[in-house]
Every structure is written in C-alpha cells, then in structure tokens.
J.: 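Take this structure, written in structure tokens, and hold onto it; I'll ask about it next.
All figures in this text were calculated on a predicted structure; none of them were measured in a lab. In what follows, chains carry the letters A, B, and so on, assigned in the order in which the sequence lines appear, proteins first and then strands, with residues in each chain numbered from 1. Values below: all heavy atoms of this structure, side chains included; hydrogens, waters and symmetry mates excluded.
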Amino acid sequence: MTTPVVRCRVAPSPSGFLHIGTAKAALYNWLFARSHGGTFILRLEDTDAERTDEQYVHAMCEGFKWLGIEWDEGPEFGDEPEKGEYGPYRQSQRRDLYSREAARLVAEGKAYRCYCTKEELDAQRELAAKEKRPPRYSGKCRNLTEEEIAVKGDAPFAIRFRVPEGETLIDDIIQGPVRIKNKEYDDFIIVKSNGDAIFHLAVVVDDGLMKITHVIRGDDHLTNAGRHVMLFNALGYPLPQFAHHPLIHDEQGRKYSKRLHGANVLDWREDGYLPETMINYISLLGWTSEEEGKEFYTLEELKQLFTLKRLTKSPARFDRKKLDWLNGQHIRMLTVEGLCDRVLPLLRNAGFAVDEKPREWLIEMAAICQEKIPTLNQIVPYTDFFFVTPEGYDEKGERKFFRKENSLKALETALQCMNGLSEWTVESLKASYEQAAQEKELKIGALVNGTRLALTGKTVGPGLYELAKLLGREESIGRMQVAIEYVKTSGEESS
RNA sequence: GGCUCCAUGGUCAAGCGGUUAAGACACCGCCCUUUCACGGCGGUAACCCGGGUUCGAUUCCCGGUGGAGUCACCA
C-alpha cells in the first residue's frame, strides 16, 4: 500500500484581484500541501478570454506574492518561469486538451451536440421564470439522430454532457456525504459553440490530468461538485477527495462582496496590516488547532499544525477588531529593525524626511512605537512631530494642560529641567522631572503631559522621555519656549 | 421558488450523551502607568424553536425557523 502524494491546487480566474475568499482557499490548499509534504499548484482559469486581462493576472499573482503563498507548480509570472511537469498552467493554453476529451465523451455517447441557440435558450428560461417553473434545459437535442445532425450541416453547436439517471454522491471531507439527485442537474454545456470549454469541463480535465488528489475550495462550489463527480466518472479519471470549506462573510454576514473594501487582499497591505497577520487571521476563519486557546500563529507553526479535520463547517464573519488585535501581536513580534524597515516607506510616503535621519535614530523611533500601534499606518500620526513642527495644539489637551492654574508653572518648570541637564538622555530627563515635580509640588502628570503637548501638539504618543530624547535638546527647548509664549499671550487675550 | 450547506455569548470558536458549557476579540470595571498602548486581574454575556431516541440531550434523529450558497454557451 502506498500513500498517494498530496497534490492540491488553487484555481482562480484572473478577473480582477486576489479576493480574500480565494486567498482563504489558496491558504488552506497551501498549508495542507505543506503539512503533508505535498505539492501546491497554481492554475489560472482564464477560459473566458473576454474576462481576462494580463493586468488582472499580474494583480492576482501580486496578492499571492504579498501573502507569501508560493506555488510549486504554476504559470509564468514576472521573472518567474513556468514551473512543473503538468503544464501549461493556464486554461487558455489547454484548449486542445479540452476538445480532445470532449470529443471522446461525444464519441462514447456521454455527451452530445446541441444546436439550440443562445436566444432560444434565453427565451425558454424566461418563460420558465414567468411560469414559475425551475429553469431546465428542454432536452431538445438530447436524442438527435445521425440524419438530423447531418441536416444541420455546419451549423454551430455546443456540447452538452448527458447527465445519467440516479444520484450523485459527493463524499466531502468537511461537509460529510452530500447526495444530490441527478434530476437537479440539466444536461449542462461543457463546450461553447465557439469551441471553448466551459469551466466544469476544464476543471475536471485539468484536475484529472494534473493528478490532483485533493480539491479544497469554497462551498459555493459544493453543488458544482456533483457535476464534477459525474464528469470525473465519465472521463474515467480517479476521483479526488473533495473538501468544501465555508465562505468568508462580511460583517453583515454575507458573502464578502467584490465591491467591499478589503475584498482585495492588497487592501489590507494598503491599510497597514502585515501579511503574516492576514495569513494568521484568515487561517483562523474556519480552522482551529488542537491546542485550545492559542490564536497567534506563525506561518511555520501553521505549516506544521494545519489539518483538514479541524476545519469548521459554518461560515465566519470577518471581524476587523480582532484583526487589529492580531496585527498588533504580529507587529510586536517583529524585530525593531524589521519594524523600522516596514515603516520607513510609509513615512517617506507621508512626505517626511526620513532619509536625513541616521539609521540608529530611525530604529529607536520604531522601537518606541512598537507597543503602541495596531497597524503600520499608525506610525504616521505617532511620529509626525519628529518631522514636522506641530501647528497648534490638541484642543482638549490645551484645556487640560495649558489652561489650568498650574499650567504655566508646569511648563516653565519643565523648561528649567531641560535647561539644567548636563546630558540629554531618557534617564536624566526622567530623574530631573521627578525631582522637579517633588520640589515644586506638581503632579508628575501635569509636568509630563504639558511637555508632551508642547513638543508634539498631541495628548497621545510614545513615552515622553523617549520621544524628547529623540527629538533632541535644542528642538525640545525651542518648542517649550514657543508653547510658553503661546500660553502667556493667548491666555491674556482670553481673560 | 427548487436544490444544497450551516446554526454555542455581539464576533471567532472549544465541545463530540452526564461539564460550574473552555478560550480569544470586543465591551465594562480595577491594577500598572507620564498620555496612549501593552501587560495583569476580575466581570457582563451563549447552546434558535418544537417533537422524538435515551435514565439523561448543546451533543443523535425528524420537522420548523433563521442565515448562507447555488441554479448561465461566467468561473
């Protein structure tokens, strides 16, 4: 007895971008392959030429690349050549295979030519809808004789699969056995009149020929699976194992619409989330490990632990709050250098002159924000004051720290502290502030928060001593003086 | 509408005939603290309904309800 090698695949149609749901399917396949020493294949389902575009192909692969999902076999992408022995990996390049297999089915009487026109069919469907009957193919061309076909001459025809009598069993790893009466299926078209294969034929031929052992995909394909099972049997291919996982729902509980922000996985990159967060979070949307209570997973852990047995049957809503939390966890796992590298482009983008700062300084800056920010993008409001002199002060902060009885005293005390320092360090600042607070009978908070407002214009941010240290002595003192002047003058006006 | 799938707190979820029904996020307190955040401690909050089966059902079966998916010469 030999254990068959695991071969699984993700087969997106490149019609836009990498959808979060496609990413989930890809991730599960990939993790499954990795945890079983199997092969993960990327196949592009671009049979419908009208709906594909090279830009879309690129955008989609970009999504995979960002997530770090790498395929063992797949089409050419960017500077990567096509990989694998079972190519080509684009359906548009496999037309001959489909025609050949379709012809075989026709020859064996398992499929037949249908001369009905699209218009005819549409009319029938409309009529059915009007009469509230389920829309079904009439079966008009099912039993055409040789003579009748001969009469048609070279009229265009589609090819329909002759659905057998009975019932089809989909023995699904996740859903369990699912039985569907064959009556529910029309004699569906497998080749269009223009000669192109329809999705159902293409997937089955590809899965068969590529020796796919496990078909893991969203359960929006569950009913399609019945058609596929029939096709596998008709073509004489061994049946793969099916695993239909639930879809990702939006926060309202619906299938995550393409139009929603976040449907594109790259939206999350845009919003400051780490790819490792997305991998972790998406994996959790329908899977749990044996180890109870653990939610934080690295990719390596997932590759080890992932099993189809632990997949959930019910759909999961996408929860932004939890994603934020998880992203914070992953940000904290980064090395400070790593965080710095990831954050630099964002700051540059915001127009800050980061390249004028020494690397060590930038790393320190990243370090004092690491525990604060839930998303990478938050680095901007947390550090903007380093690069831009604050214009004005937070309104609430002003009332709390500039307009109280002791405010001016606190600011002046803080300035004295700064002036009195022989060295400009976190420790010296801290010591000096603490001592002054005691001597002047000021709350340390008043001292610190007033200073924060003066230096940053805000009430929230990194630790004050750390931030002041990085801002530098001269700049800090300058900003204190400006603030003191501001409090004095505007205070006079208002009273 | 037909068919199919699903159903434990607001959300994600353990559970697999007998449990005080885990845990995480969110929320609310408290602690820590220079703010925010992190961290720590504690709290509110759930088995959709009705029938069976059983000594006993969140758990098994049936029905209902609710939600979702799918019904193309799209994939």
J.: Classify the side chain of A:Lys255 versus the base of B:U70 as yes if they form a donor-acceptor pair under 3.5 Å and no if they do not.
T.: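 No pair found.
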
J.: Look at all strands and tell whether A:Lys321 reaches a base, only sugar-phosphate, or nothing, counting heavy atoms closer than 4.0 Å.
T.: sugar-phosphate

J.: Show the numbers, then the answer: is there a ring-ring contact (aromatic ring centres under 6.0 Å, His included) between A:Tyr273 and A:Tyr281?
T.: CA-CA 11 Å; A:Tyr273 294 85; A:Tyr281 185 67; 9.3 Å; no

J.: Using the P atom as the reference point in each nucleotide, state the distance between B:U58 and B:C48 in Å, no decimals.
T.: 10 Å

J.: Base, sugar-phosphate or nothing for A:Ile189? Non-hydrogen atoms, less than 4.0 Å.
T.: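 Here A:Ile189 touches the bases of the nucleic acid.
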
J.: Give, for atom CD1 of A:Ile190 and atom CG of A:Asp196, the distance between the pair rounded to the nearest 0.5 Å.
T.: 13.5 Å

J.: Under 4.0 angstrom, heavy atoms only, what part of the nucleic acid is A:Cys369 near: base, sugar-phosphate, or nothing?
T.: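 A:Cys369: no heavy atom of the nucleic acid under 4.0 Å.
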
J.: So A:Leu453, base contact, sugar-phosphate only, or nothing? Heavy-atom distance under 4.0 Å.
T.: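 The residue A:Leu453 makes no contact with any strand.
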
J.: What is the minimum heavy-atom distance between A:Tyr297 and A:His330, and which atoms define it?
T.: O-CE1, 3.5 Å

J.: Heavy atoms under 4.0 Å, any strand shown: does A:Gly461 hit a base, just sugar-phosphate, or nothing?
T.: base

J.: A:Thr288 near the nucleic acid: base, sugar-phosphate alone, or nothing, with a heavy-atom cut-off under 4.0 Å?
T.: sugar-phosphate

J.: Applying a 4.0 Å non-hydrogen cut-off, can you work out what A:Ile444 is touching in the nucleic acid: base, sugar-phosphate, or nothing?
T.: sugar-phosphate

J.: For atom P, what is the distance between B:U53 and B:C61, given to the nearest Å?
T.: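 These two P atoms come out 15 Å apart once rounded.
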
J.: With a 4.0 Å cut-off on heavy atoms, is A:Thr451 in touch with a base, just the backbone sugar-phosphate, or nothing at all?
T.: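 Result for A:Thr451 = nothing.
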
J.: Assign A:Tyr185 to base, sugar-phosphate, or nothing according to its heavy-atom contacts below 4.0 angstrom with the strands shown.
T.: nothing

J.: Applying the side-chain hydrogen bond (donor to acceptor under 3.5 Å, both in side chains) test to A:His244, which of A:Arg217, A:Gln175, A:His221 qualifies?
T.: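 By the side-chain hydrogen bond (donor to acceptor under 3.5 Å, both in side chains) criterion, A:His244 pairs with just one of A:Arg217, A:Gln175, A:His221: A:Arg217.
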
J.: At under 4.0 Å between heavy atoms, how does the protein contact nucleotides 3-12 of chain B? Give one character per nucleotide, 5' to 3', with B, S or -.
T.: SSSSS---BB

